[in-house]
Enquirer: 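Provided herewith is a single structure, encoded as structure tokens, for subsequent inquiry.
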2 protein chains.
Amino acid sequence: MNLSLTQIKTQFQELGIKSTLPRVVIYQSLAKSMHHPSAEEIHLAIQKKYPGVSLATVYKTLDMLVQKSLASKVVTNEDKVRYDSKMDNHIHLYCEKTQKIMDYEDQELADMLTGYFSKKGIPNFKINKIQVNINGESKTTKNK
Amino acid sequence: MNLSLTQIKTQFQELGIKSTLPRVVIYQSLAKSMHHPSAEEIHLAIQKKYPGVSLATVYKTLDMLVQKSLASKVVTNEDKVRYDSKMDNHIHLYCEKTQKIMDYEDQELADMLTGYFSKKGIPNFKINKIQVNINGESKTTKNK
DNA sequence: TTCCTATTTAAGAATTATTATTATTTAAAA
DNA sequence: TTTTAAATAATAATAATTCTTAAATAGGAA
Ligand SMILES: [Mn+2]
Ligand SMILES: [Mn+2]
Ligand SMILES: [Zn+2]
Ligand SMILES: [Zn+2]
């Protein structure tokens with residue numbers, strides 16, 4: 001999602017988030033990315049246009065965004081956390097070859113799962129979020 | 001699952017895994033645990049009965065067990081990997097309060113998902129494993 | 001507009017989980 | 001038994017993340 005700096009500033013104000021250039025730029029970079037980037041990758045991505053933003057600030061900003069529900073953490077088998085600004089419910093496809101994470105939207109499946117659990121429930125457990133992850137291999141035309 | 005040392009030795013032999021005391025003890029401890037323990041926790045758990053096993057060996061053994069499909073990694077929001085020796089397909093319930101991970105077996109759901117995707121498939125993606133994680137709160141009788 | 005102050009930031013140190021290195025030990029094959 | 005490739009303990013190294021602190025600054029008040 002491509003968001004302008006002013007769009008983001010407005011969004012921050014609405015949520016009572018103090019609007020600083022590092023924060024706005026970090027969020028913009030995350031929102032633009034389709035790759036579920038890590039903190040390090042975001043840090044790198046903003047270097048060209050906005051050098052001098054520290055990695056610690058990237059981490060702290062990402063945490064803040066997660067707290068404010070503007071982003072979520074995506075954990076994988078790799079030893080680093082990745083982030084996602086797409087906040088509607090969706091599935092993640094993990095390519096075991098390329099480590100790429102792709103979003104997969106499937107309303108039918110979402111409804112099926114919600115329906116299934118709202119009917120059946122889970123004893124002694126209050127469900128907050130159902131996350132489906134699919135591991136496998138993406139088959140691009142020019143692969144192998 | 002409670003496995004005897006000799007049971008495990010036999011299992012290792014069948015899979016061509018060199019049978020050492022550290023390995024057998026680590027696997028036994030993991031198999032007995034219901035808690036999806038981390039390497040550190042396994043290391044601690046075996047201290048009493050088998051002191052002197054190094055943490056590095058715990059890590060290497062767990063990796064080996066994952067390679068041999070006797071265990072799998074369980075990733076969470078915490079900054080450490082946890083392990084699971086339950087290898088049939090099952091759901092994980094994450095309690096956001098206690099960080100506990102509970103297993104939840106639901107054949108009906110498993111069949112539903114398998115059926116859904118085998119019919120529909122995912123374009124340009126070969127599905128290897130569908131993992132469902134549910135975040136929420138466990139409501140024990142004596143909570144709060 | 002200028003001032004004030006709580007919040008944020010940069011820089012770098014510290015922490016923590018995990019992996020790598022290497023000398024020594026050992027399981028198990030011959 | 002002897003042999004030897006593989007495993008282990010010890011410890012150093014690495015990498016992701018968090019912490020600390022002094023300097024900068026956003027945004028409200030004056
Ligand atoms: Mn790490
Ligand atoms: Mn870490
Ligand atoms: Zn996503
Ligand atoms: Zn499990």
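Chain identifiers are assigned alphabetically (A, B, ...) following the order of the sequence lines, protein sequences preceding nucleic acid strands; residue numbering begins at 1 within each chain. Given the structure is predicted, the values throughout are model-derived calculations rather than measurements.
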Enquirer: Take the protein atom CG of B:D63 and the nucleotide atom C1' of D:dT8, then report the distance between them rounded to whole Å.
Expert: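 Interatomic distance, CG of B:D63 to C1' of D:dT8: 15 Å.
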Enquirer: With ring centroids as reference points, do B:F125 and A:Y104 lie under 6.0 angstrom apart?
Expert: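 Between B:F125 and A:Y104, the centre distance exceeds or equals 6.0 Å.
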Enquirer: To the nearest Å, give me how far apart NZ (A:K18) and C1' (C:dA6) are.
Expert: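 Interatomic distance, NZ of A:K18 to C1' of C:dA6: 6 Å.
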Enquirer: Can you tell me which nucleotide in C:dT9, C:dA20, D:dT8 comes closest to the side chain of B:P22?
Expert: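 Looking only at side-chain atoms, B:P22 lies closest to D:dT8.
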Enquirer: Reckon A:A39 touches a base, only the sugar-phosphate, or nothing at all at heavy-atom distances under 4.0 Å?
Expert: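 If one applies the 4.0 Å heavy-atom cut-off, A:A39 turns out to touch nothing in the nucleic acid.
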Enquirer: Let me know the distance between CZ of B:F12 and C1' of D:dA6, rounded to the nearest Å.
Expert: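 Going from B:F12 (CZ) to D:dA6 (C1'), I get 15 Å.
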Enquirer: Charged N to carboxylate O below 4.0 Å: is that the case for A:K86 and A:D88?
Expert: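 Looking at A:D88 together with A:K86, the answer is yes, because their closest N to O distance falls below 4.0 Å.
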Enquirer: Of the nucleotides C:dT9, D:dA9, D:dA16, which has the atom closest to the B:T57 side chain?
Expert: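 Out of C:dT9, D:dA9, D:dA16, the nucleotide with an atom closest to B:T57's side chain is D:dA9.
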Enquirer: Rounding to an integer number of Å, can you tell me how far A:M64 CE sits from D:dT18 P?
Expert: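 These atoms are roughly 15 Å apart.
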Enquirer: Just by modelled atom types, is the B:A110 backbone N or O under 3.5 Å from a matching donor or acceptor in the B:T114 side chain?
Expert: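 Checking the backbone N and O of B:A110 against the side chain of B:T114, a donor-acceptor pair under 3.5 Å is found.
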Enquirer: Salt-bridge test for A:K126 and B:E96: reply yes if a basic N is under 4.0 Å from a carboxylate O, no otherwise.
Expert: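 Answer for the salt bridge query: no.
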Enquirer: Please report the distance, rounded to the nearest Å, between CG in B:L55 and P in C:dT16.
Expert: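 B:L55 atom CG is separated from C:dT16 atom P by 14 Å.
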Enquirer: Look at the aromatic rings of A:H90 and A:H36 and report parallel, tilted or perpendicular, splitting at 30° and 60°.
Expert: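 Judged by the thresholds at 30° and 60°, the geometry between A:H90 and A:H36 is tilted.
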Enquirer: Indicate whether OP1 or OP2 belonging to D:dT17 is found under 4.0 Å from a side-chain N or O atom of A:Y59.
Expert: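 So the side-chain polar atoms of A:Y59 do come within 4.0 Å of the phosphate oxygens OP1 or OP2 of D:dT17, strictly under.
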Enquirer: By the 4.0 Å heavy-atom rule, please label A:S38 as base, sugar-phosphate, or nothing.
Expert: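 No contact at all - A:S38 keeps every heavy atom at 4.0 Å or more from the nucleic acid.
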Enquirer: Among D:dG27, D:dT8, C:dT9, find the nucleotide with the atom closest to the side chain of A:S19.
Expert: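 Closest of the options to the side chain of A:S19: D:dG27.
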Enquirer: Closest nucleotide of DNA chain C for B:Y83 versus for A:T20: which of these residues is on the 5' side?
Expert: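 Mapping each residue to its closest nucleotide by heavy atoms, the 5'-most match is A:T20.
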Enquirer: Roughly how many Å is it from NZ in B:K60 to P in D:dA10, rounded to a whole number?
Expert: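 My rounded result for the distance is 15 Å.
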Enquirer: Could you please name the option among C:dT19, D:dT18, C:dA17 that lies closest to any side-chain atom of B:D79?
Expert: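 That would be C:dA17.
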Enquirer: In whole angstrom, give the distance that lies between atom NZ of B:K80 and atom P of D:dT18.
Expert: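 Atom NZ in B:K80 sits about 13 Å away from atom P in D:dT18.
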Enquirer: Given atom CZ of B:R23 and atom P of D:dA7, what is their separation to the nearest angstrom?
Expert: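 Spelled out: CZ on B:R23 to P on D:dA7 is 4 Å.
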